[in-house]
Structure formats: C-alpha cells, structure tokens
Amino acid sequence: MTADPELNQAEGRQYRRQTADREMAARSYLSLNTAILLGILFIAIVFRFHKITLPLVDGFSWRETSTAMMADNFQQRSWNILFPEVSWTGPGPSYQGREFQIVSYLTSLLYQLFGWHDWFGRVVAAFFGLVTVFSLHRLTALGWGEMHAHAAALAYTLMPAAIMIDSSFLPDPAMLALVTLGIWLFAKYWIGGSGWLLPLATVSFSLGALSKPPGIVAGAVVFYLMIGWILEKKRKQATWVFLSGLLSLAIIGAYFSWAIYLGRSYPPFHVAGSGGYIWDDGFWTYVKDRFYLKSAWSTSVLWFYGYPFMMLFVVGLWMPPRPAEDLKQRTLSAIPYVWLAAAMILYLAAAGEITSNVWNFHIFHVPVAMFCGHGALLLATFSSRTILTPAAVLRSICIVAVALVWSTFPLVRAMKKPVAMKGMLLGEELARLAQPGDLVVAIASEVGDPVAVYYSRARGWVFPPGGGNVEWSKFVADDATAIAQLEELRAQGADLFGVAKNATDKENRQFVEHHDGVIDYLNKTATKLVDSDDLLVYRITRP
C-alpha cells in the first residue's frame, strides 16, 4: 500500500510545528527562570548594599576592624599576602596567624586604586555574597529543580544572618561564596560536565577553605559524590577526584601550618580561632554546658534568623522533597543533608568558638537556605500541586511578607546598630591629635575592641594589652597592675592614651569607676588634652 504524499507532508508540517512549539516553550521557560534569578540577585544587591558606607561600628566591629587593619598594612607596609599584620599590638611587626587574606587583600587593592575608604571591605564582601546567591541557586537546581532553586536563593537573600555577614568586612563571605561555587562546579562535573570543571572546582573550593577553615566542611559533599562513583564502579573518575582532594587538603594544610608558625613566632603570639574547641575545654565541659545550645538558640532567635525562618527550616527539614525519577538527580538531592550533617559535626567539635564568634555559623547558611526554601514551597503549595494557582501565589506573598516584617527588617536593623560609635569617635579624636609616628593606647566602648586604634589611623595598643593566651576583654583586678602595664607601654613608645567614658569590660565594669586610680595617676603624670562627656584623652609624657 502506497503512502499518500500529501498526508505525509501534512504530518511533517504538524511535527515541525509541535517541535517548534516545544522549543519555544522551553526557551520561554528558560527565559522566565533567568528573569526570576536576575530578580533575586537584584533583591540581594538591594539588601547587601543598603547602608554599605556604614563605618565599622556594628555588632561585628571587633573582627571587622582587625580585618581592615590587615588591608591597611598590605597597602602601607608590605604586599606579601603570607604576612597578615594588625595594628593593635604596638609598632610591630605584628604578624598574626590568620586565614588566607582574600577579602582584605582585594580591599587593599581598592585602596591603592581609589584611596582609603573604610567601607570598601563591605563592598568586596557584598560581591562575594552575590556569588553565593548565584551558586546556591544553580546547585539547588541540580538536585531539587528550578522552583526550589528560586525559593532557596530567595531565602538566602532575605535571611538576616546572611545579609549581615555578606555586608561585613569579614573573611566569611569569601569562604561561603568560593566553597559553594566549587561544590556547584563539581556537581556539574559529576553529572557529566566538561573535564575542566574539576580543576576549576578544586581551585574555588581550596580558596574558600583557605579563606576560613569552616569551609572545609563542604568537602563532605565531594566525598559523598565520590563514594557514589565508587559504588557505580567508576573508579577512574573517583581516582581523579580523590587526587584533587588530596592536593586541596595539602595546600590548605600547608597554609594553616604556616599561619600557626607565624602566629607563634611574633608578639603578641596570636593565632586567630585558637581555643574554644572540645579538645581545649574537655568533653565533659561541653556536656556540662550542653554544647552551648542555649547560646546558639539565643543567637538564632534574637539575632540571626528569627522565628519565621526557623519555622521554614524545620518544615523543610521535616518533609523532604519527593524523590526524583532520575538516579543522578536523586543522588544530588541529598547534598543539603550531607552539608548540614557535616556542619553539625563541626559544631559539636567547636561549639565554644562558633558561639563566641557567631559569623562562623555562615557555613550553615547554604543548607539552611535550601531547607527554608523547600519549607516555604511546602506551605505555599499546601493542598495544591503547583505554585501558579492564585491561592499558592497569595500564600507565597504572605510568607515573604511575614519573613520580612518579623525577621529580616528588625534583625538586620538590630545587628547594624552602631554600638561602637564612641570607639570610632575616640579614634578620630586621636587621629586629630596625633603627630606623625605617634603610638596610641585606646580603650573603646567594648574593652578589647580595636576600633579606636583603627580609626586613629595610627599603630598602638588596646588596653589592657593582650594577645596569645592573655585576656584583653576585661580589666585587671587592681590599679597598681594597670599602672604597671601603662608604664610598660610608655617605655615602648606610647604617646597618646584615650578612653571612651562608657568603656566596659566583659564583667560589666566601667573603666572610669574600676580604674579611677589610673585616671588619678594620668592626671599627675600626663597632659590632659580632652575631657568631654564621652571621651578622655591624655598625651603621655616621657619619664
């Protein structure tokens, strides 16, 4: 029987129309997803660049100004990135054992090009935050699909803790951005992407872990996917990943071995992040303190997330997404669980350090955002299978509104409150009074915070002087010891002494009350330059 040519032509035209319609629908879908991602990135820009020029006087002032000092010293003293140096331990050299200084070094390059501005570090951190939003979106899409990717990226974009850390002069934004980018690139390689993705992923992940050691936690995802290849008998691919991982760990280990050596070789013999671990405090001390869960809960509820995001996280964690039919996608869908489990193991080992320096929680924020996004989708699509129904859209708007009003706006406002403003004013007053080469001694509102030394644009000391195993966040017990410390600093060349009158140590003792004998001693041996409602400044006379 002969086929009808006209019928064949009609069927061909219909097939081509159907193919063209499908391609057009696919392009429209991709264009819509791209538009949504760009919209989320725009929202992230708005939140991270809002008040970007705020001085380094917020709740993270202590850590930010130390990072900023290292940027200053790269530009002013040495461009060698292997020798990070602060300015609050005297004339120097004041090398310390620190993370690989990506954020501070990039900031110092901006200083060199455009002049000094204290907020340049915030700009660098914010750009890394945008990289995290993008990488998180694409990583989530691989395992959970585009809709979940939109929800997870939006959750991260609006999460108070992520906004605060991503707009602070800290190394943590670079850490999370680079390890997330590395994990996404590796996941693309794992599903059959170009061979170039493996070295790119290795470089990105290694730089992230060098930026801050908690980043190494995300390596659990790489190990998990490598085990998947071994079970599939893909030993060649697994071997290449194993060798790349060994190289990454060798580089990371070598750098931090150097950092520890550097910190132990120069006064004040300070290695950042040393202490507060379970092997330092002892297992039973951790058990007695209930692994600092009370502190972690307070930080979560009152500062970092608020109840709306915590509720979304619990819902998303409790009810996992429907398993995908594709085996590779089903394997990738476990990534947030693996990442979260590894981060929890880190917390159990380092709860004292993490709860003391809360920006260390940043490594949790990728899986937390993914589960928050999933929880939001579950609540939005309750009793419906798609987000496109009017009821689901309305519920989505309500979820976002509640998160903004109850969490994002109030908590970000609280975290960015300028609590160290008087310390900055003290530093600016010292800068006005200082002569070239002068060394300053400064006590900011929070004892130990180097913000006043930083804004003096000089080198000097916090008071009481600290570093290494010396406690510098509380005053010594008596005036005689404090005077002896001050005399030692004078012998080392201290020229100006300044204190914010509300300076209070961690035991809630005010300097002007606890050390009134030191003030009497200064009145007799130094020249008073400023005595205002907020500040007290002396020029130290030579013996």
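Values below: all heavy atoms of this structure, side chains included; hydrogens, waters and symmetry mates excluded.
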Residue W279 excluded, over 12 heavy atoms near CH2 under 6.0 Å:
yes

Separation of F205 CZ from I216 CD1 (nearest 0.5 Å)
6.0 Å

Heavy-atom donor-acceptor pair, W318 side chain to G375 backbone, under 3.5 Å
no

Say you draw a straight line from CG of L185 to CG of L139; how long is it, rounded to the nearest 0.5 Å?
10.0 Å

So the ring pair (Phe, Tyr, Trp, His ring centres under 6.0 Å) pairs with at least one residue in residues 234-257 (sequence neighbours excluded) are F100-Y255

F49 ring center near F127 ring center (under 6.0 Å)
yes

Does R264 have more than 12 heavy atoms from other residues, nucleotides or ligands lying within 6.0 Å of its CZ?
no

Check: Q329 main-chain N/O paired with D326 side-chain donor or acceptor under 3.5 Å
yes

Please examine the side chains of N80 and F74, heavy atoms only from C-beta on, and report whether any two atoms are closer than 4.5 Å.
no

Measure the acute angle between the ring planes of W116 and Y111, then classify it against the limits of 30° and 60° as parallel, tilted or perpendicular.
tilted

Going from CG on L109 to OG on S104, what distance comes out if it is rounded to the nearest 0.5 angstrom?
10.0 Å

Is any side-chain heavy atom of N357 closer than 4.5 Å to one of N360?
yes

Taking the side chain from Y454 and the backbone from L56, do they hold a donor-acceptor pair closer than 3.5 Å?
no

Aromatic plane relationship, F291 with Y286 - under 30° parallel, 30 to 60° tilted, over 60° perpendicular
perpendicular

Given side chain to side chain contact (heavy atoms under 4.5 Å, CB included), test L317 with F313 step by step and report yes or no.
CA-CA 6 Å; L317 184 63; F313 171 73; 4.0 Å; yes

Does some side-chain heavy atom of I354 sit less than 4.5 Å from a side-chain heavy atom of L346?
yes

Please list every donor-acceptor pair under 3.5 Å in which a side-chain atom of residues 222-234 meets a protein atom from a residue at least two apart or in another chain.
{"unit_1": "Y224", "atom_1": "OH", "unit_2": "T331", "atom_2": "O", "d": "2.7"}
{"unit_1": "E232", "atom_1": "OE1", "unit_2": "K234", "atom_2": "NZ", "d": "3.4"}

Within the structure provided, determine whether Y305 and H365 are in side-chain contact (heavy-atom separation under 4.5 Å).
yes

Check: E85 side chain, S94 main-chain N or O, donor-acceptor pair, under 3.5 Å:
yes

Check step by step if side chain to side chain donor-acceptor pair (under 3.5 Å) holds for W88 and S66.
CA-CA 8 Å; W88 49 264; S66 286; 3.2 Å; yes

So F128 and I102, side chain to side chain contact (heavy atoms under 4.5 Å, CB included) or not? Walk me through it.
CA-CA 11 Å; F128 275 116; I102 292 178; 3.9 Å; yes

Show the nearest heavy-atom pair for residues I399 and A376, with the distance to one decimal.
CD1-O, 3.6 Å

Cut-off 3.5 Å, side chains only: do S87 and N73 have a donor facing an acceptor?
yes

Please collect all side-chain hydrogen bond (donor to acceptor under 3.5 Å, both in side chains) contacts where either partner lies in residues 53-62, sequence neighbours excluded, each pair once.
D58-R122, S61-D449

State the CG-OG1 distance between L243 and T202, to the nearest 0.5 angstrom.
10.5 Å

Please name the pair of heavy atoms, one in S407 and one in P308, separated by the smallest distance, quoted to 0.1 Å.
OG-CD, 3.1 Å

Side-chain contact test, heavy atoms from C-beta onward, threshold under 4.5 Å: evaluate it for F269 versus T89 and give yes or no.
no

Could you tell me if the side chain of L210 sits less than 4.5 Å from the side chain of I251, heavy atoms only?
yes

Whether the Y95 and H270 side chains hold a donor-acceptor pair (N or O, under 3.5 Å, no angle test) is what I'd like checked.
no

Exam field: side chain S204 to backbone L178, donor-acceptor pair closer than 3.5 Å
yes

Value for CG (L207) from CG (L181), rounded to nearest 0.5 Å, stands at 10.0 Å

I'd like to know if the side chain of R48 reaches the main chain of D166, judged simply by a donor and an acceptor atom lying under 3.5 Å from each other, with no hydrogens or angles considered.
no

Among W303, F364, F60, F169, ring pair (Phe, Tyr, Trp, His ring centres under 6.0 Å) partner for W359:
F60

Nearest atoms (heavy-atom pairs only) where A153 meets L136
CA-CD2, 4.2 Å

Has S168 got a side-chain atom pairing as donor or acceptor with M164's backbone, closer than 3.5 angstrom?
yes

So that I know where these two stand, are F371 and Y337 an aromatic pair - ring centroids less than 6.0 Å apart?
yes

Sort and list the pairs that fulfil salt bridge (charged side-chain N to carboxylate O under 4.0 Å, His left out) and have at least one residue in residues 97-120, not counting sequence neighbours.
R63-E99

Check whether NZ of the Lys or CZ of the Arg R457 lies under 6.0 Å from the centre of the six-membered ring of Y455 and within 45 degrees of that ring's axis.
no

Is it the case that the side chain of W119 and the backbone of P55 share a donor-acceptor pair, with hydrogens and angles ignored and the cut-off at 3.5 Å?
no

Non-hydrogen side-chain atoms of L262 and Q96 separated by less than 4.5 Å:
no

Given K188 and S194, is the side chain to side chain donor-acceptor pair (under 3.5 Å) satisfied, shown in steps?
CA-CA 8 Å; K188 283 176 65 72; S194 169; over 6 Å; no

Who pairs with R235 by salt bridge (Lys or Arg N to Asp or Glu O under 4.0 Å), at least two apart in sequence or on another chain?
none

Residues H50, F47; criterion ring pair (Phe, Tyr, Trp, His ring centres under 6.0 Å); working and verdict:
CA-CA 5 Å; H50 179 61; F47 277 98; 8.2 Å; no

Can you find a pair of side-chain heavy atoms, one from H137 and one from H150, that are under 4.5 Å apart?
yes

According to the interplanar angle, ranging from 0 to 90°, do the rings of Y189 and F186 count as parallel (below 30°), tilted (30 to 60°) or perpendicular (above 60°)?
tilted

Indicate the atoms forming the closest heavy-atom contact of A452 with A442, along with that distance.
CB-CB, 3.6 Å

Between L332 and the options V221, I191, T140, L327, the side chain to side chain contact (heavy atoms under 4.5 Å, CB included) test singles out I191

Give, for atom OG1 of T132 and atom NE2 of H362, the distance between the pair rounded to the nearest 0.5 Å.
5.5 Å

If you take all heavy atoms of V103 and L170, which pair is closest and at what distance?
CG2-O, 3.6 Å

Does L158 offer a backbone N or O that forms a donor-acceptor pair with the side chain of T408 under 3.5 Å?
yes

Show the nearest heavy-atom pair for residues G92 and R77, with the distance to one decimal.
CA-NH2, 4.4 Å

For S248, the side-chain hydrogen bond (donor to acceptor under 3.5 Å, both in side chains) test, sequence neighbours excluded, returns S206

Criterion side chain to side chain contact (heavy atoms under 4.5 Å, CB included) on V368 and M159, from CA distance to verdict
CA-CA 10 Å; V368 167; M159 193 182 299; 3.8 Å; yes

Indicate the ring-plane relationship of W144 and H374, choosing parallel, tilted or perpendicular according to the 30° and 60° boundaries.
tilted

